[in-house]
Novice: 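Can you read through this structure? Questions will come right after.
Start at 1 with the first residue, then count along the sequence.
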Amino acid sequence: MKSQIFKLSTGIAGAYHLILGIIALALPVDTVIQVITLAFGMTLEITPQLPLILKFVSVYLIAFGGMLLLLTSDPAKYRIFAYPALALFGIRFINRIIFFSTLTAAGVADSRNMMGAGLILVFFLLILCTLPKKQANS
């Protein structure tokens with residue numbers, strides 16, 4: 001059961017990050033801003049720097065999503081990738097709490113901000129609590 005929960009949580013998080021990364025890399029900036037508004041509840045201002053920043057961020061989203069999906073494919077074999085995933089989810093949760101008021105000022109509703117922080121924490125805890133045991137050396 002733990003293994004199934006682990007695979008489900010890393011699979012969902014991996015697919016989510018991979019899809020967002022591909023969207024940010026492949027689609028026009030106007031469309032990406034619509035997706036960001038829909039997903040996060042904030043509207044970004046289009047500046048000359050925004051397309052470049054979105055491309056940089058998309059590469060990290062794709063890499064993180066790919067890493068999580070690799071972890072999903074064989075949790076025991078790729079167990080080492082759970083640690084950077086936990087670090088990223090943990091830092092993102094802390095970041096969300098520290099910058100809660102900044103996100104609210106940027107247009108993210110408190111309820112959406114709380115839900116986002118809660119989801120990040122849930123994924124962190126699911127991965128942490130269902131992490132597969134280290135394989136014995138053969």
Novice: Give the minimum heavy-atom separation between P132 and A76, together with the two atoms involved.
Specialist: CG-N, 4.1 Å
Novice: Hey, could you give me the OG/CG distance between S58 and L54, rounded to the nearest 0.5 Å?
Specialist: 7.5 Å
Novice: Can L61 and I23 be said to form a side-chain contact (heavy atoms from CB on, under 4.5 Å), step by step?
Specialist: CA-CA 10 Å; L61 286 167; I23 286 170; over 6 Å; no
Novice: Can you give me the closest heavy-atom contact between I46 and L50, atom names plus distance?
Specialist: CA-CD2, 4.0 Å
Novice: Give, for atom CG of L125 and atom CG of L128, the distance between the pair rounded to the nearest 0.5 Å.
Specialist: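 Interatomic distance, L125 CG to L128 CG, rounded to 0.5 Å: 6.5 Å.
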Novice: Are L44 and I53 connected in a single hydrophobic cluster, I mean Ile/Leu/Val/Met/Phe/Trp/Tyr linked by side-chain heavy atoms less than 4.5 Å apart?
Specialist: yes
Novice: Enumerate donor-acceptor pairs with a distance under 3.5 Å from any side-chain N or O in residues 81-92 to protein atoms, sequence neighbours excluded.
Specialist:
from	atom 1	to	atom 2	distance (Å)
Y83	OH	R79	NH1	2.6
Y83	OH	R79	NH2	3.3
R92	NH1	H17	NE2	2.9

Novice: Hydrophobic cluster membership, with links at side-chain heavy-atom distances under 4.5 Å among I/L/V/M/F/W/Y: are L27 and I22 in one?
Specialist: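 No: no chain of side-chain contacts under 4.5 Å links L27 to I22.
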Novice: I'd like to know if the side chain of T72 and the backbone of G11 have a donor-acceptor N/O pair within less than 3.5 Å.
Specialist: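 At least one qualifying donor-acceptor pair exists.
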Novice: Between I36 and M42, is any pair of side-chain heavy atoms under 4.5 Å apart?
Specialist: yes
Novice: Between CG of L70 and NZ of K77, what distance do you get to the nearest 0.5 Å?
Specialist: 8.0 Å
Novice: So, taking the atom named CG in L68 and the one named OH in Y78, what distance separates them when rounded to the nearest 0.5 Å?
Specialist: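 Here the interatomic distance stands at 14.0 Å.
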Novice: Taking atom types as modelled, is there a side-chain donor on Q49 or T47 under 3.5 Å from an acceptor on the other?
Specialist: yes
Novice: Any side-chain to backbone donor/acceptor pair from K2 onto T130? Under 3.5 Å, distance only.
Specialist: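 No, the answer is negative, given that no donor and acceptor are paired below the 3.5 Å cut-off.
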Novice: State, with a plain yes or no, whether a side-chain heavy atom of L71 is found less than 4.5 Å away from one of I80.
Specialist: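 L71 does not reach I80 side chain to side chain.
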Novice: For residues 109-119, run the donor-acceptor check on the side chains, cut-off 3.5 Å, and write out each pair with its distance to 0.1 Å, sequence neighbours left out.
Specialist:
from	atom 1	to	atom 2	distance (Å)
D110	OD1	T104	OG1	2.9
R112	NH2	L38	O	3.2
N113	OD1	R96	NH1	3.0
N113	ND2	F100	O	3.2

Novice: Is Y60 reachable from V57 through a run of I, L, V, M, F, W or Y residues, each pair having side-chain heavy atoms under 4.5 Å apart?
Specialist: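 As far as the 4.5 Å side-chain criterion goes, Y60 and V57 are not connected within one cluster.
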Novice: Do the side chains of L25 and L20 join up, straight or via other hydrophobic residues, at under 4.5 Å, putting them in one cluster?
Specialist: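 No, separate clusters.
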Novice: Could you list the cluster mates of F56? Members are the ILVMFWY residues connected by side-chain heavy atoms closer than 4.5 Å, either directly or through other members.
Specialist: L52
Novice: With the 4.5 Å side-chain cut-off for hydrophobic clustering, are F40 and V29 part of the same group?
Specialist: yes
Novice: Closest approach of S9 and F123, non-hydrogen atoms and distance?
Specialist: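 Reported closest heavy-atom pair: O-CE2, 3.3 Å.
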Novice: To the nearest 0.5 angstrom, please state how far the CG atom of L69 sits from the CD1 atom of I12.
Specialist: 11.0 Å
Novice: Which distance, rounded to the nearest 0.5 Å, do you find between the OG1 of T10 and the CD1 of I5?
Specialist: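 With rounding to 0.5 Å, OG1 (T10) is 11.5 Å from CD1 (I5).
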